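Okay, so here's the structure we're looking at.
Position 1 is the first residue of the sequence, and the numbers go up from there. Owing to the predicted nature of the structure, the values given are computational and were not obtained by experimental measurement. Both counts, for ligands and for their atoms, begin at 1 and track the order of listing.
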Amino acid sequence: MYQLYIANKNYSSWSLRPWVLMKTLAIPFEEIMTPFTPVSSWNEFSAFSPSGKVPCLTHTQLTIWDSLAIIEYLAESHASVWPASAEARAWARCASAEMHSGFNTIRSHCPMNIGIRLRLSQQTPELKKELSRLDGLWNQSLDKFGGPFLAGDIFTAVDAFFAPVAFRLQSYDLTLSPTALAYADRLRNLPAMVQWQQAALKEVWREEDHERESLDRGTLLQDLRTG
Ligand SMILES: N[C@@H](CCC(=O)N[C@@H](CS)C(=O)NCC(=O)O)C(=O)O
């Protein structure tokens with residue numbers, strides 16, 4: 001049995017990636033949640049993750065501590081993690097790697113905070129550039145592979161990599177083309193995404209740094225958290 005270590009569902013965008021993939025592909029796992037602590041969660045997370053970060057997967061005697069490495073590890077035993085065709089698989093790996101190591105402004109300017117709705121005070125040129133790249137990337141692949149998911153007709157790892165973006169678009173009311181917004185909506189409506197979001201809204205933890213990172217960006221319109 002896999003054990004997946006994650007942090008708060010409201011904030012932890014990296015945790016969401018393997019979680020939504022495993023849920024959607026029906027790969028059984030035990031979820032172990034450790035909430036963030038103020039400033040650094042190193043002490044708590046390094047008890048199970050060598051990098052002191054989540055997500056972290058353990059399986060038999062192995063520990064895999066990075067979201068992309070986790071997904072590649074799962075792909076060794078579960079053929080549906082990546083798309084079947086070599087062309088779609090190559091594209092999906094490029095786009096996942098681009099998300100893994102890029103889109104830094106979307107990540108820092110619009111941190112995942114699922115329960116809030118906020119009007120940004122400004123969209124910097126860098127944010128606009130990344131949103132335009134995101135829009136182009138999604139449109140290109142939906143057109144090329146025929147949708148409704150990025151690499152074709154089934155949900156694969158590349159969709160999991162962009163799943164947190166779907167929540168960021170919703171929280172910060174970011175505008176993309178209708179095709180890209182419809183794709184984000186499709187992601188948010190997946191049963192696993194609905195389940196993650198519902199759990200996030202019920203969480204009781206409010207972590208000051210994560211809250212400030214979001215609230216400093218603009219005007220809070222709504223906080224839908226009930227926990
Ligand atoms: N590249 C890593 C990034 C993991 C990461 O940054 N995780 C954040 C949570 S979403 C974390 O654990 N932060 C530790 C902290 O805030 O102290 C991955 O893909 O797994």
Side-chain angles (χ1 to χ4, degrees), residues 2-24 27 29 31-59 62-76 81-82 92-116 130 134 156-172 187 192-193 195-197 199-201 203-217 225:
Y2 297 105
Q3 295 183 307
L4 182 67
Y5 291 84
I6 61 170
N8 314 31
K9 291 187 169 127
N10 185 57
Y11 305 124
S12 188
S13 56
W14 294 107
S15 299
L16 170 59
R17 294 173 169 101
W19 191 96
V20 73
L21 183 75
M22 294 172 87
K23 286 280 177 191
T24 304
I27 300 172
F29 65 98
E31 171 188 317
I32 302 158
M33 139 95 68
T34 306
F36 289 107
T37 50
V39 187
S40 165
S41 303
W42 168 260
N43 285 340
E44 289 72 21
F45 293 174
S46 61
F48 52 80
S49 169
S51 63
K53 292 186 186 298
V54 288
C56 183
L57 185 83
T58 58
H59 185 227
L62 290 174
T63 299
I64 301 109
W65 64 86
D66 175 273
S67 57
L68 187 53
I70 291 170
I71 279 167
E72 290 295 5
Y73 179 71
L74 294 172
E76 292 184 34
V81 165
W82 292 112
R93 283 201 161 106
C94 285
S96 301
E98 184 176 347
M99 183 68 239
H100 193 59
S101 61
F103 292 106
N104 294 317
T105 306
I106 293 181
R107 294 217 302 260
S108 60
H109 204 90
C110 305
M112 196 169 92
N113 192 337
I114 291 178
I116 65 162
E130 286 189 7
L134 181 75
T156 63
V158 67
D159 302 291
F161 260 87
F162 286 100
V165 174
F167 286 134
R168 294 169 203 258
L169 293 173
Q170 171 176 260
S171 287
Y172 299 92
L187 283 184
M193 290 285 276
Q195 193 186 337
W196 178 280
Q197 175 164 224
L201 296 182
E203 285 178 350
V204 294
W205 309 287
R206 301 287 182 273
E207 205 282 299
E208 211 179 298
D209 291 342
H210 282 91
E211 290 301 306
R212 195 169 351 94
E213 279 170 19
S214 310
L215 300 180
D216 282 358
R217 298 301 184 191
R225 288 172 289 183

Which of the numbered atoms in ligand 1 are under 4.0 angstrom from any heavy atom belonging to Ser67? 18 (C), 19 (O), 20 (O)
Establish, yes or no, whether the cationic atom of Arg17 lies under 6.0 Å from the six-membered ring centre of Trp14 and within 45° of the ring axis. yes
Does this structure show an ion pair linking Arg93 with Glu72, if we count only N-O contacts that are shorter than 4.0 Å? yes
Taking 4.0 angstrom as the limit and counting only heavy atoms of Phe36, give me the atoms of ligand 1 inside it, by number and element. 9 (C), 16 (O)
Decide, yes or no, whether a salt bridge links Lys9 with Glu31 under the criterion of side-chain N to carboxylate O below 4.0 Å. yes
Using modelled atom types and a 3.5 Å cut-off, is there a donor and acceptor pairing between side-chain atoms of Thr37 and backbone atoms of Ser40? yes
Residue Asp66 vicinity, atoms of ligand 1 by number, heavy atom under 4.0 Å: 1 (N), 2 (C), 18 (C), 19 (O), 20 (O)
Could you check whether Arg168 pairs with Glu130 (Lys NZ or Arg NE/NH1/NH2 to Asp/Glu carboxylate O, under 4.0 Å)? no
Parallel, tilted or perpendicular, judged at 30° and 60°: which one describes the rings of His210 and Phe36? tilted
From atom 10 (S) of ligand 1, work out which of Pro111, Ala69, Ser12 has a heavy atom at the shortest distance. Ser12
Between ligand 1 and Val54, is the shortest N or O to N or O distance under 3.5 Å? yes
Would you say the side chain of Lys53 lies within less than 4.5 Å of the side chain of Trp65, judging by non-hydrogen atoms? no
Just jot down the ligand 1 atoms closer than 4.0 angstrom to any heavy atom of Pro55, in number order. 20 (O)
Applying a heavy-atom cut-off of 4.0 Å, say which part of His100 lies close to ligand 1: side chain, backbone, both or neither. side chain
Atom 5 (C) of ligand 1 [closest protein heavy-atom partner, distance rounded to 0.1 Å]: Trp14 CD1, 3.2 Å
For atom 15 (C) of ligand 1, state which one of Ser13, Ser41, Ser46 supplies the nearest heavy atom. Ser41
